Amino acid sequence: MFRGEPVVRMHAMAKPLGPVCNLDCAYCYYLSKEELLATDSRWRMSDEVLETFIRQYIQGQNCKEVIFSWQGGEPTLLGIDFFRKVIELERKYAPPWMRCENDLQTNGVLLDDEWCAFLKENSFLVGLSIDGPREFHDHYRKDKQGGGTLDDVLRASRLLRKHDVNFATLSCVNRLTGQHPLEVYRFLRDEVGSTRMQFIPIVEPKAFDTTAPQRWPDSLMPLMDEPRARPGHPESVVEGWCVDPDDYGDFLISVFDEWRTTDLGRIYVHFFDCAVEQWMGRLSPLCIFGPICGKGVAIEHDGSVYACDHYVYPEYRLGNVLEDPIAELVLSGRQEAFGYAKDSSLPRRCRECEYLFACAGECPKNRFIRTPEGEPNLNYLCAGLRRYFTHIDPHIQKIVRDLGHEPVEGVPRWEVLG
């Protein structure tokens, strides 16, 4: 990187085994890609695609740190030798001034001492999927035989701690766990020993397995206050395992209050640390709360690049790294338009919200209901998110002041972009 040169940065979520997984989680948004993508190749990234991706990904950026994210499906099914090859190729192509970092999202079932020693040796950040106590985790996260998986995940967490692997827990907030926030949070903290937590809302409209986001007719979008905009209704627009918007807000509020009073400075919760950054007037470190998107793409096992991890549909395929450099695909006009559409498609209700600077309309994939005034493209989670931001506002302001900064209020999103 040369002084004065504009920084070029992007992020790719790599799916080297596509949607192939050893579990059969009821709410998984990716298992259906096996039929949707209809590939004729084996579900495994070839050596040619792997090397091309790693070389292009490194050469297409000029920042000091490049982050490789490996997900699935279940990436550990590829075996350790695949990831030894990853490390070898990163060292081959990275210039001396660049550092390559790796993170791996896993269900933990295949982790053993050899895996954990490798992950520790190569400084992987591991995301471990676990939804809470047995009655919550095993309800949706089952193996191919229909059995629960919590025991395997707890064994994996013990191995990760044994080998001092840097890991975070990723917990899905679904129809069930959304109603039990403190049981989930305290279990992760006290039983799993997690000091880094991510809470991901489970939101998928019906027919998500075949219908891409932003391809829903406006006429099918319910008003935010209608019963159809909630899970469980016979005519609901979402799957039954999705989190209820109000439950989601209550979940975040309850966990925030526990974190603020007992674990501030000791436990990292990605949503709360993100809020501190935003109330300080900085850009969101989480793409869902950023004013625009588009710099985070997904690359499938065959080298195909898609607009986003949640937009792996034929309509959002940008190209293939075997044909075009990944940097050209990410910085293409088509992808730029995709990224700026996050802002331009916001309904008036969002534009006039005092928490737009913190929310930015959340993830566009969840914008499939209408405002009370009938305008389309409102986020399904709006009601819960607004309650959450309203609740944390005075507390985050205090945290920011305690850090020696003056909190911002309602900063225009483009002013933040600078």
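Numbers here simply count residues along the sequence, with the first being 1. These numbers come from the heavy atoms of this one structure, side chains and all, not from hydrogens, waters or symmetry mates. Just so we're clear, the structure is a prediction, and the values are computed from it rather than from any experiment.
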Trainee: According to salt bridge (charged side-chain N to carboxylate O under 4.0 Å, His left out), who are the partners of Glu204, at least two apart in sequence or on a separate chain?
Mentor: Lys365
Trainee: For Asp257, check side-chain contact (heavy atoms from CB on, under 4.5 Å) against everything at least two apart and list the hits.
Mentor: Ile253, Arg260, His391
Trainee: Where the side chain of Tyr380 meets the backbone of Phe368, is there a donor-acceptor pair that is under 3.5 Å apart?
Mentor: no
Trainee: Assess whether a salt bridge exists between Arg334 and Glu336, defined as any Lys/Arg side-chain N lying under 4.0 Å from an Asp/Glu carboxylate O.
Mentor: no
Trainee: Treating Gln335 as the side-chain partner and Ala307 as the backbone partner, does any N or O pair qualify as donor plus acceptor under 3.5 Å?
Mentor: yes
Trainee: Any idea which heavy atoms bring Phe338 and Gly294 closest together, and the distance?
Mentor: CD2-CA, 4.2 Å
Trainee: If the condition is salt bridge (charged side-chain N to carboxylate O under 4.0 Å, His left out), which residues does Asp143 pass it with, not counting sequence neighbours?
Mentor: none
Trainee: List for me each residue that meets side-chain contact (heavy atoms from CB on, under 4.5 Å) alongside Glu135, sequence neighbours excluded, and say none if there are none.
Mentor: Pro133
Trainee: Would you find a donor on one side and an acceptor on the other, under 3.5 Å apart, between the side chain of Gln179 and the backbone of Asp247?
Mentor: no
Trainee: Just jot down the ring-ring contact (aromatic ring centres under 6.0 Å, His included) partners of Phe136, sequence neighbours excluded, or say none.
Mentor: His180
Trainee: Can you list the residues that meet the ring-ring contact (aromatic ring centres under 6.0 Å, His included) rule with His163, with sequence neighbours excluded?
Mentor: none
Trainee: With side-chain hydrogen bond (donor to acceptor under 3.5 Å, both in side chains) as the rule and sequence neighbours excluded, what pairs involving residues 153-162 come up?
Mentor: Asp113-Lys162
Trainee: Applying side-chain contact (heavy atoms from CB on, under 4.5 Å), name anything that partners Asn102, two or more places apart in sequence or on another chain.
Mentor: Phe68, Trp70, Val86, Ile87, Glu90, Phe124
Trainee: Using a strict 4.0 Å threshold on nitrogen-to-oxygen distance, state whether Asp246 and Arg230 make a salt bridge.
Mentor: yes
Trainee: Identify, with sequence neighbours excluded, every residue that meets side-chain hydrogen bond (donor to acceptor under 3.5 Å, both in side chains) alongside Ser236.
Mentor: none
Trainee: Check the angle between the aromatic planes of Trp259 and Phe272 and answer parallel, tilted or perpendicular using the 30° and 60° thresholds.
Mentor: tilted
Trainee: Is the distance from the ring center of Tyr306 to that of Tyr311 below 6.0 Å?
Mentor: no
Trainee: Against Thr149, only a single residue in Arg134, Lys142, His137 fulfils side chain to side chain donor-acceptor pair (under 3.5 Å); can you say which?
Mentor: His137
Trainee: Excluding sequence neighbours, so at least two apart, what forms ring-ring contact (aromatic ring centres under 6.0 Å, His included) with Tyr93?
Mentor: none
Trainee: Indicate yes or no for a side-chain donor-acceptor contact from Arg367 to the backbone of Gly361 under 3.5 Å, with no hydrogens or angles considered.
Mentor: yes
Trainee: In chain order, what residues pass the ring-ring contact (aromatic ring centres under 6.0 Å, His included) check against Tyr313, with sequence neighbours excluded?
Mentor: none
Trainee: Just to verify, what does Ala327 make a side-chain contact (heavy atoms from CB on, under 4.5 Å) with, not counting sequence neighbours?
Mentor: Met10
Trainee: Would you say Leu346 and Leu356 make side-chain contact, with heavy atoms under 4.5 Å?
Mentor: yes
